[in-house]
Amino acid sequence: MTADQTDLWTVLVILGLTAITVLTRTLFFISSKPWHLPQWAQRGLQYAPIAALAAVIVPEIVMTHGAFIGHWQDARLFAVLAGAAWFFGRRGQGQAVLGTIVAGMLVYLPLHLLWGW
Amino acid sequence: MFFKSAFYRHPEFKVGALDSMAAAPGLAAWGLMMGVTMVNSGLSTFESLLMGAIVFAGSSQLAAIPLIAAGAPMWVVLATGFCVNLRFVVFSAHLRPYMMHLPLGQRLLTGYLTTDLSYVLFTRRYPQHGGSAAQLHAQQAYLAGNCGVNWVAWVSCTVIGVVLSAWVPTQWGLGFAGILALLGILFSLATSPLRWVSAGVAGAAAVAAYALPLKLNIMLAIAVAVALCLLLQASQRAAPSVDEEVL
């Protein structure tokens with residue numbers, strides 16, 4: 001993708017994602033008829049969001065250019081530890097997500113920019 | 001919604017708006033970073049502004065951005081966004097009785113604007129649904145105020161992020177803040193041991209199957225993790241552990 005060129009495909013993807021936002025946020029109140037998901041799907045639903053997040057972020061943390069990093073001298077690993085320490089130190093209360101970002105970046109940026117990890 | 005005078009003149013509108021403002025600093029930082037991340041990942045200014053203004057779902061945007069940048073097929077991007085958004089399906093089941101008195105168009109608009117934050121705050125203020133017409137109206141006024149502040153904070157900070165992105169080079173690795181944000185959301189979803197299993201299995205499977213084309217490793221990882229958790233749940237029920245009996 002070249003800088004600042006808008007292409008139709010990306011715009012269509014963005015419109016599609018908007019439709020997904022509407023669909024997922026309103027799925028159970030679109031129809032006025034009573035209906036239910038199958039039991040197993042209802043139970044499965046509670047594990048899917050966290051699985052989706054983990055599947056997206058874990059490769060971004062432990063892989064570089066499609067290969068497992070295989071060593072510990074990587075700024076990302078320490079950033080994740082710092083973020084986790086903040087989140088669980090706060091027991092998920094208050095601005096825990098923001099704190100995870102800030103604590104993680106405070107570790108990540110010096111290690112990445114100054115130390116070169 | 002928030003542009004209706006019947007809502008913004010109602011006292012509950014202000015209560016909802018104030019509740020949302022208490023959380024606005026977090027939302028603002030997250031929106032700002034989103035703007036920078038979108039441009040730094042290769043989206044054009046127009047695409048970034050469009051996405052920031054209309055998709056209105058931070059986690060699915062963050063998940064979709066690397067896929068768009070990698071040129072993944074559209075169905076993979078949309079399916080990934082859908083899966084990341086699946087928690088909203090659960091919320092919509094919960095919110096259904098609060099919404100069904102509204103006409104379809106308003107239900108769709110209200111649902112679209114109700115993020116995680118508004119859902120949590122709304123159900124905290126109104127644990128019981130239903131009631132008289134006046135009570136239903138008060139609920140909607142609260143939600144309108146809450147979502148209104150949310151929307152304005154999110155969209156304006158995304159625009160600022162898009163503008164500032166020109167002075168923030170990608171080599172700094174600020175995009176990693178997006179991964180940390182998703183990590184924070186992941187932690188907040190990890191409320192049971194089996195959910196931790198789901199995250200661990202999905203993460204490992206996504207790395208192991210990384211070589212698959214079309215980012216199919218993500219879909220595979222979700223399917224494996226959910227199937228395994230359903231099996232573990234079924235076996236736990238068949239033979240309840242000592243812990244469960246104590247609890």
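Order of the sequence lines fixes the chain letters, A, B, ..., with proteins taken first and strands second; residue numbering starts at 1 for each chain.
The side-chain heavy atoms of A:Trp40 and B:Gln233, taken from C-beta on, include no pair separated by under 4.5 Å. With a 4.5 Å cut-off on side-chain heavy atoms, B:Phe176 and A:Leu109 do not count as touching. Side-chain contact between A:Trp9 and B:Met74: present, with at least one pair of heavy atoms (C-beta onward) separated by less than 4.5 Å. Taking the side chain as every heavy atom from C-beta outward, A:Leu23 and B:Phe82 approach each other to under 4.5 Å.
Side-chain N or O atoms of A:Thr26 include none that pairs as donor or acceptor with a backbone N or O of B:Leu108 at under 3.5 Å. At least one donor-acceptor pair under 3.5 Å links the side chain of B:Arg96 to the backbone N or O of A:Phe28. Using modelled atom types, one side-chain atom of B:Glu47 and one backbone atom of A:Asp7 make a donor-acceptor pair closer than 3.5 Å. For A:Thr21 (side chain) and B:Val55 (main-chain N/O), a donor-acceptor pair under 3.5 Å exists by modelled atom type.
Interface with chain B: from residues 61-71 of chain A, residues A:Ile61, A:Val62, A:Met63, A:Gly66, A:Phe68 qualify, criterion being any non-hydrogen pair under 4.5 Å.
Partner of A:Pro49 under the side chain to side chain contact (heavy atoms under 4.5 Å, CB included) criterion, chosen from B:Leu86, B:Asn85, B:Ile185: B:Leu86.
Proximity to chain A (any heavy atom under 4.5 Å) is shown, for B:Met51, by both the backbone and the side chain. Both the backbone and the side chain of B:Ala202 come within contact range of chain A, with heavy atoms under 4.5 Å apart. Only the side chain of B:Ala64 has a heavy atom closer than 4.5 Å to any heavy atom of chain A. Only the side chain of B:Leu104 has a heavy atom closer than 4.5 Å to any heavy atom of chain A. Interface remark: B:Thr115 contributes backbone and side-chain atoms alike to the contact with chain A (heavy atom separation under 4.5 Å). Contacts between B:Leu220 and chain A at a heavy-atom distance below 4.5 Å are absent for every atom of the residue. B:Ala190 touches chain A through backbone and side chain together, each having a heavy atom under 4.5 Å away. Neither the backbone nor the side chain of B:Gln61 comes within contact range of chain A; no heavy atoms are under 4.5 Å apart. Both the backbone and the side chain of A:Leu17 come within contact range of chain B, judged by heavy atoms closer than 4.5 Å.
Of the inter-residue distances, the one linking A:Leu53 atom CG with B:Ser59 atom OG reads 6.0 Å to the nearest 0.5 angstrom. Put simply, CZ on A:Phe29 and CZ on B:Arg107 are 8.5 Å apart, with the number rounded to the nearest 0.5 Å. Distance check, rounded to the nearest 0.5 Å: OG1 of A:Thr100 to CD1 of B:Ile179 gives 13.5 Å. The CE atom of B:Met100 sits 7.0 Å away from the OG atom of A:Ser31 when rounded to the nearest 0.5 Å. Note that the OG1 atom of A:Thr6 and the CG atom of B:Leu50 stand 9.0 Å from one another [nearest 0.5 Å]. If you take OH on A:Tyr47 and SG on B:Cys229, they are separated by 5.5 Å, rounding to the nearest 0.5 Å.
Comparing A:Ile101, A:Ile50, A:Ile57 by heavy-atom pairs within less than 4.5 Å of chain B, the highest count is held by A:Ile50. Here B:Leu189 is the residue among B:Leu189, B:Thr191, B:Val224 with the most heavy-atom pairs under 4.5 Å with chain A.
Residue pairs meeting the salt bridge (Lys or Arg N to Asp or Glu O under 4.0 Å) criterion with at least one member in residues 71-80 of chain A, sequence neighbours excluded: A:Asp74-A:Arg76.
Applying the ring-ring contact (aromatic ring centres under 6.0 Å, His included) test to A:Phe87 and every residue at least two apart in sequence or in another chain returns B:Phe187. Legend: residues meeting ring-ring contact (aromatic ring centres under 6.0 Å, His included) with B:His94, ordered by chain and number and at least two apart, are B:Tyr119.
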